[in-house]
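Before I ask anything, here is the structure I am working with.
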Amino acid sequence: MVSYTLRRLLEAIPVILLVTLIVFLLNAAIPGNPGRIRLGQRADPASVDAYNEARGYNDPLPVQYGRYLWRLFTDFDLGESDVKAGKSVNEILEEAFGVTIRLAIFSMFIALVVGIGAGILSAVRSRTWIDYCSMLVAIMGVSMPVFWLGILMIIYVAPVLGLPRTGFDDTDAYTMFRSLILPAAALGLLSSATIARLCRSAMLDVLTQDYIRTARSKGLGEAVVVLKHALKNAAIPIVTVVGNSFGYLLVGAVLTETVFALPGLGREVVEAIKQRDRELITGGILLMSFVFVGVNLLVDLSYAWFDPRVRDDRN
Amino acid sequence: MTATNRGRSPTQMAFKRLRRNRLAMLGALVVMMVTVLAFFPSWLVPSHADGAGPYGFAEQFRGAHEYQQPPGIPGHPLGTDELGRDVWTRIVYGAGISLRVGLVGTLVALFIGLILGSIAGFRGGRIDTLISRLTDTFFAFPSLLLMIGILAVFEKPNEIVIFAALGVVGWPGVARIVRGQVISLRGSEFVLGARALGQSDTRILIGHVLPNCLGPVVVVSTLMIAGNILAEAGLSFLGIGLPPPSPSWGRMLVDSKEYWVDMPWMGIFPGLSIMITVLGFNLLGDGLRDAFDPKMKD
Amino acid sequence: MSKCLSRTSVFMSWLVILSMVAPGCTARMESGTDTVFEIESISAPRSDGIFRIPLMTNPPDLDPILVSDTTSDGVASKIFNTLLDYDPELKLEPCLAVSMPEISSDGTQYDFTIRAGVRFSHGRAITAADFKYSLQRLASVRSKRPNLIEPILGASEAIESARSSQEDAPEIAGIEVLGDLQLRITLKKPYAPFIYHLAMVNTAVVPRELVEQHGHAFSRKPTGTGSFVLEKWKEGTSLLLKANPDYFEGAPKLAGILYRVIPEPLAQLEEYKAGNFEVMAVTQGVFPKWSRSNRADEVLSWPSLTVQYYGFNLEKQGSPYAGDSDSARKLREAVNLSVDRKFLGEVLLEGRFFAANGILPPGILGHNADRPAYPLDQERARALLAEAGYPGGKGLPSVDLWFNTQGDNAKIAQSVQEDLRKVGIPIGLKMLDWGAFLESTDAGEPSFFRLGWVADYPDPENFLAFLFHSKNKGPNGNVAFYDNPEVDALIDRSYTITDMDERIRLLQQAESKILDDYPWLFLLFGRETILIKPYVKNFTPTGMCDDVQGNHVRWHLVQIDNVGTQ
């Protein structure tokens with residue numbers, strides 16, 4: 001296990017380096033002159049050049065990249081925003097990330113509840129209309145444009161449930177919870193379908209096993225049987241899906257945050273791309289990728305922990 | 001397809017399983033219907049005397065305050081949109097665009113993914129490591145943001161750029177699956193046999209190995225088409241999708257946003273079109289996956 | 001989305017938006033006349049006296065020298081004050097100055113006396129030296145508006161020297177402190193519109209010690225003399241201003257102003273209906289319904305100093321519309337006669353815009369109210385098309401109309417495309433993000449493009465000089481690359497003339513000359529339309545207002561009336 005962990009960690013290093021390189025190149029390819037962006041469209045060329053010189057944008061790309069990496073790996077300094085004067089990228093991302101991570105975790109929770117619920121229902125009532133309907137509903141969630149679903153929720157659901165329509169209110173835990181319910185639901189439905197499918201399949205697998213029949217014959221209630229034995233066995237694939245969907249959630253959050261006016265990471269980066277705020281683009285995408293790589297690593301490791309065969313297979 | 005004559009091939013078995021899956025069959029039906037819309041739009045909408053074609057301006061309402069009409073009035077079964085154009089006409093013509101975006105984006109991803117995945121799997125060694133890390137890297141990107149970034153490089157979004165962006169974002173999924181399949185087939189009897197006969201690597205790859213990857217690749221492609229259609233809508237929402245007056249469903253949704261409260265049909269119908277189509281592809285894709293993966297129970 | 005249109009146009013102009021109209025033109029809709037719709041909308045003020053305003057975007061910067069968009073301007077103008085301001089009739093009046101400046105007879109020397117006893121919100125009293133410092137900051141490399149002080153004697157040199165020295169407030173000889181409260185500004189040569197610059201938030205007074213202490217972060221922690229003080233700013237989410245009890249015109253009646261950023265207009269409307277905002281900018285789909293509803297009294301509308309146009313790039317190689325040949329001019333005229341502006345303004349944009357009759361919108365001095373709006377005359381357009389050598393549009397290459405993603409642009413563009421198609425003029429559509437769009441138009445890339453102009457100050461010079469003087473070709477505003485020596489001469493002569501009527505007459509002549517050349521497809525003039533809760537008192541948009549921002553509204557008088565609400 002130790003050597004496997006080490007190997008996975010080692011593999012992550014080139015990935016992270018490559019991510020930084022690609023983001024950096026992408027950024028360089030996006031047209032737009034940082035000085036002009038900072039100083040305004042009508043600024044005179046000399047001032048623009050002076051600004052670019054001072055910020056190092058005139059240096060050759062490899063030099064800029066090297067400097068960026070150095071700053072990144074020595075003290076995780078992501079630079080300063082070109083658009084928001086006096087704000088460091090770290091500061092901006094820290095605030096935004098707090099929102100996004102809460103949203104992602106909450107929607108993951110909703111995805112799990114809906115997904116496992118639908119999966120269990122489907123499996124227990126396999127090949128009946130309940131099975132079809134619950135699977136259909138689960139897949140429907142993943143088939144709607146998330147912004148459409150979000151706006152429909154704002155118009156039709158929020159007034160009925162008395163929930164806040166938009167915004168992120170972190171005055172206390174309760175208001176924060178309330179302000180995240182709708183966006184988390186809209187986002188969570190994206191992942192519930194996959195979880196439902198896996199859960200159903202794993203459950204069916206387990207339900208036909210001998211020990212379940214034994215358990216049933218011992219007179220235990222159906223619910224206990226299902227929850228205790230079957231769900232335990234379905235857990236491993238679900239963990240994998242949870243990890244993998246986390247990336248989807250981060251991505252889906254881009255749209256959800258815009259609709260519900262949440263000051264999250266996705267919205268921040270989209271705005272940054274539109275405004276050509278270089279350092280913020282780089283920082284934001286990097287942060288998301290790091291989280292993604294990290295979560296994937298954790299998923300792989302936990303998978304290997306549960307199932308020793310994984311470690312061997314890879315060798 | 002590798003024609004094996006011993007009873008039922010895995011592919012045949014898979015299709016038998018697929019046919020038994022009612023949800024998958026429902027999905028297939030939807031996909032078929034959308035395809036008909038996409039290829040024969042003129043069958044389903046009245047032709048416009050003034051040649052307005054896909055834009056479907058409803059001339060008779062132009063200049064009148066009541067040019068935005070609810071569904072059900074003669075000639076406009078789904079009503080007219082924010083510019084007084086026939087919603088049904090635009091949805092029918094939009095099917096072609098959505099399908100094109102979904103399909104071509106997927107084909108680009110398949111092209112890159114198949115090549116890189118099979119090389120990695122077949123060659124192994126350093127090349128494999130290199131390609132695998134590259135795959136991991138592209139996996140690690142938040143896909144929508146990467147797409148927005150790529151579109152920002154090109155500045156002027158058109159269909160080709162969107163296809164390319166979808167491909168760049170989609171290929172790692174294909175590459176991973178293909179690599180896995182190729183590795184598991186690399187040591188199989190028929191590959192060893194072909195090699196013994198002195199066939200070249202490329203020939204073995206194309207002639208023997210790749211056809212056997214078909215199942216999983218079809219599955220992932222079907223699901224990717226669904227994802228791409230949604231992605232186009234999302235890009236439209238962020239203001240970087242296909243430009244107007246293209247009747248892409250995403251654009252129809254976004255352009256009519258302001259009217260959804262009072263004239264809900266402008267949002268409901270394009271939204272439903274996306275949902276039903278994507279649902280169709282998703283159901284079919286899931287069904288295919290279950291069919292090709294005997295471990296999944298139905 | 002009038003909000004968006006204005007915002008985009010203001011980026012277009014390098015100065016801050018000011019829009020004006022006689023206050024008599026602002027009108028709340030009469031209620032009860034034609035009530036058709038019943039709208040459920042909660043109308044209950046917050047008990048704590050906080051006024052809540054939705055924003056589409058986070059204000060990027062609140063440092064006056066960095067303000068370049070309407071959102072930042074709206075917030076910053078509540079925190080800062082300038083020497084001059086506009087009165088409700090939109091005449092300049094003294095603000096931090098005691099009186100209007102004494103101007104020397106040659107028109108180059110402006111003498112100001114600063115109001116005594118005005119304090120920054122951190123307690124220190126303002127002096128003439130603060131103004132000198134604040135104006136000099138505009139010459140620094142970081143400034144987005146060096147042009148505002150460029151007419152001042154020695155300013156060009158200061159701007160030049162700041163480039164190498166990176167000084168934050170390079171010395172400008174033409175700004176002199178004559179006493180504690182005495183300030184003299186000397187111009188290089190007479191430049192009549194300069195006085196308007198002193199009413200723009202960019203020239204607001206800032207405390208030197210805090211600017212130096214915070215550096216770039218002053219933009220995040222702005223401190224001024226204004227009626228409100230920045231209390232809390234969660235970027236991208238909300239921004240809370242607290243009343244300044246020591247405000248020199250009297251303590252505000254409101255306890256504070258809370259901005260919340262909600263990018264989606266539909267969501268803003270839902271929040272407004274839920275009673276979570278006091279105002280909101282009216283977007284498409286709202287105006288016709290609300291103005292015929294039980295809530296009609298919440299609709300407030302006033303004309304704004306904006307013009308929307310589709311410009312032809314007159315220097316674009318290969319464009320059939322470019323150049324001053326007779327054929328190109330006839331083509332441009334044909335385009336102007338093909339578009340149904342009445343449909344655009346009254347139907348498509350729901351009365352939030354109206355057909356333009358030229359360049360200068362009503363409210364701008366020199367607007368010609370007698371000239372009829374451009375008519376729709378397809379027959380004449382077809383005839384012109386034939387005369388230009390393209391009978392029935394045969395042989396006429398399609399050019400792309402470029403526009404940016406925001407607001408109603410896509411709708412207007414599709415409608416214009418359809419109108420032109422009917423006459424036989426083919427165009428394609430190309431949609432870009434604002435930044436990319438602006439760069440291409442500045443570079444003269446598109447041959448046909450949408451733009452708007454929002455007045456920086458209520459003077460015709462602001463429209464004609466920037467948009468049509470040949471010295472401003474390209475990024476400075478003349479993106480049509482219009483070049484007419486006669487027009488240049490008329491504008492240049494207007495600078496030296498002190499008599500206002502004479503000046504306006506010259507500029508009107510220039511406008512007519514430009515109109516004859518059809519460098520634009522002249523489209524629409526605009527209105528601002530907002531929803532405002534009935535319990536809000538004294539919110540009188542002076543016409544300088546960009547929708548809910550209430551620029552130049554007397555915010556210290558705005559009141560939430562707790563009595564008599566539902």
Side-chain angles (χ1 to χ4, degrees), chain A residues 11-12 14-19 21-23 26-27 29-32 123 126-127 132 135-136 139-140 142-149 151-152 155 193 197 200-205 208 247-248 250-255 258-259 266 269-270 273-274 276 281 284-285 288-290 292-293 296, chain B residues 22-23 26-27 129-130 132-134 136-146 148-155 226-227 229-230 233-234 236-240 249-250 253-254 257 260-261 264 267-268 270-272 274-283 286 289-290 293 295-298:
Chain A
E11 278 174 6
V15 169
I16 283 178
L17 277 174
L18 263 176
V19 167
L21 180 65
I22 291 172
V23 176
L26 186 68
N27 227 334
I30 294 178
S126 165
R127 297 190 150 274
Y132 294 130
M135 287 315 284
L136 199 64
I139 297 181
M140 227 185 262
V142 77
S143 304
M144 280 186 267
V146 62
F147 67 91
W148 188 55
L149 181 63
I151 294 180
L152 292 182
I155 300 177
R197 266 173 38 79
R200 173 176 179 275
S201 170
M203 292 273 301
L204 282 176
D205 211 11
T208 49
Y248 279 119
L250 287 182
V251 169
V254 174
L255 296 167
T258 308
V259 173
V269 179
V270 171
I273 294 177
K274 286 193 172 177
R276 311 279 190 265
I281 300 175
I285 296 188
M288 278 193 164
S289 309
F290 288 172
F292 194 76
V293 170
N296 268 2
Chain B
R22 284 184 207 179
L23 284 181
L26 181 69
T129 313
L130 189 77
S132 292
R133 289 300 83 76
L134 200 66
D136 290 349
T137 308
F138 273 88
F139 243 126
F141 278 113
S143 57
L144 190 61
L145 289 180
L146 183 61
I148 298 169
I150 293 171
L151 292 176
V153 171
F154 291 95
E155 283 198 337
I229 293 174
L230 283 183
S236 292
F237 177 69
L238 296 172
I240 35 191
W249 291 340
L253 260 190
V254 175
K257 241 176 8 191
W260 291 0
V261 176
I268 296 291
L272 280 179
I274 296 180
M275 190 179 97
I276 292 173
T277 308
V278 174
L279 189 70
F281 277 103
N282 274 334
L283 288 174
D286 282 347
R289 176 151 56 195
D290 292 353
D293 180 1
K295 275 192 300 202
M296 293 294 274
K297 296 286 176 214
D298 59 349

- Task: Would you give the length of the straight line joining atom CG of B:Leu279 to atom CG of A:Leu136, rounded to the nearest 0.5 angstrom?
- Result: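 It comes to 5.5 Å.
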Less than 4.5 Å to any heavy atom of chain A: does that hold for the side chain of B:Pro264, its backbone, both, or neither?
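It is the side chain, since no backbone atom gets that close.
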Under 4.5 Å from a heavy atom of chain A, the part of B:Ile274 involved: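 Interface part for B:Ile274: both.
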> Is the number of heavy atoms from other residues, nucleotides or ligands within 6.0 Å of CZ (B:Arg22) greater than 12?
Replying inline: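 No, CZ of B:Arg22 has 12 or fewer neighbouring heavy atoms, counting only those of other groups under 6.0 Å.
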- Taking all non-hydrogen atoms of both residues, which atom of A:Val293 and which atom of B:Ala140 are closest, and how far apart?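 Result for this residue pair: CG2-CB, 3.5 Å.
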Practice item. Could you tell me which portion of B:Leu253 (side chain, backbone, both or neither) has an atom closer than 4.5 angstrom to a non-hydrogen atom of chain A? Key: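 For B:Leu253, the side chain is the part near chain A, not the backbone.
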Atom CG in B:Asp286, atom CZ in A:Arg197: separation rounded to 0.5 Å?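 Answer rounded to 0.5 Å: 4.0 Å.
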I need the A:Ile139 CD1 to B:Leu23 CG distance, nearest 0.5 Å.
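Between atom CD1 of A:Ile139 and atom CG of B:Leu23 there are 6.5 Å.
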| task | Might you point out which heavy atoms bring A:Val142 and B:Val278 nearest each other, and give the distance in Å? | result |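 Closest approach of A:Val142 to B:Val278: O-CG1, 4.4 Å.
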Heavy atoms only, distances under 4.5 angstrom: which of A:Ile16, A:Leu26, A:Ile155 has the most pairs with chain B? Name it, please.
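Going by pairs under 4.5 Å, I would pick A:Leu26.
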For chain A, the option from B:Ile240, B:Ile148, B:Leu26, B:Thr129 that forms the most heavy-atom pairs under 4.5 Å:
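So the answer, after comparing B:Ile240, B:Ile148, B:Leu26, B:Thr129, is B:Ile148.
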B:Ala233, part contacting chain A, at a heavy-atom distance under 4.5 Å
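Contact with chain A is through both the backbone and side chain of B:Ala233.
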Legend entry - Distance, nearest 0.5 Å, that separates OG of B:Ser143 from CZ of A:Phe292: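 The OG atom of B:Ser143 sits 8.5 Å away from the CZ atom of A:Phe292.
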- Query: Relative to chain B, which segment of A:Leu18 carries a heavy atom at a distance below 4.5 Å: side chain, backbone, both, or neither?
  - Reply: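 Both the backbone and the side chain of A:Leu18 come within 4.5 Å of chain B.
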#### Entry: Euclidean distance, B:Ile229 CD1 relative to A:Ser143 OG, rounded to 0.5 Å
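Result: 10.0 Å between the selected atoms.
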Using modelled atom types only, decide if a donor and an acceptor are shared between the side chain of A:Trp148 and the backbone of B:Gly250 within a distance under 3.5 Å.
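Flag not set: sc A:Trp148 to bb B:Gly250 has no pair under 3.5 Å.
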task: Might you point out which heavy atoms bring B:Val153 and A:Ala29 nearest each other, and give the distance in Å?
output: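 What the structure gives for the nearest pair is CG1-O, 3.8 Å.
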Contact origin within A:Val146 toward chain B - heavy atom pairs under 4.5 Å: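 Neither part; nothing is under 4.5 Å.
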Problem - Heavy-atom pair of closest approach, residues A:Gly266 and B:Leu145 - result: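 Looking at all heavy atoms of both residues, the closest pair is O-CD2, 4.3 Å.
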Item to check | Option in B:Phe237, B:Phe139, B:Phe281, B:Trp260 with maximal non-hydrogen atom pairs under 4.5 Å from chain A | outcome: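 Greatest number of close heavy-atom pairs with chain A: B:Phe237.
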Taking every non-hydrogen atom, the tightest pair across A:Lys274 and B:Leu238 =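 The answer is NZ-O, 2.7 Å.
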*Of the backbone (N, CA, C, O) and the side chain (C-beta and beyond), which part of B:Ile276 lies under 4.5 Å from a heavy atom of chain A, both, or neither?*
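Neither part; nothing is under 4.5 Å.
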So for B:Phe138, is it side chain, backbone, both, or neither that comes closer than 4.5 Å to the heavy atoms of chain A?
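For B:Phe138, the side chain is the part near chain A, not the backbone.
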Can you name the closest pair of heavy atoms from B:Ala152 and A:Ile273 and give their distance?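 Nearest pair, atom of B:Ala152 first, then A:Ile273: CB-CG2, 3.8 Å.
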Q) Rounded to the nearest 0.5 Å, how far apart are CG of A:Leu149 and CE of B:Met275? A)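 Output value for this atom pair is 9.5 Å.
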Problem set entry | Stepwise side-chain contact (heavy atoms from CB on, under 4.5 Å) test for A:Leu255 and B:Leu144 | CA-CA 9 Å; A:Leu255 296 167; B:Leu144 190 61; 3.9 Å; yes
Could you go through A:Ile285 and B:Leu146, starting from their C-alpha distance and side-chain angles, then the distance that decides it, and tell me whether this counts as side-chain contact (heavy atoms from CB on, under 4.5 Å)?
CA-CA 8 Å; A:Ile285 296 188; B:Leu146 183 61; 6.0 Å; no
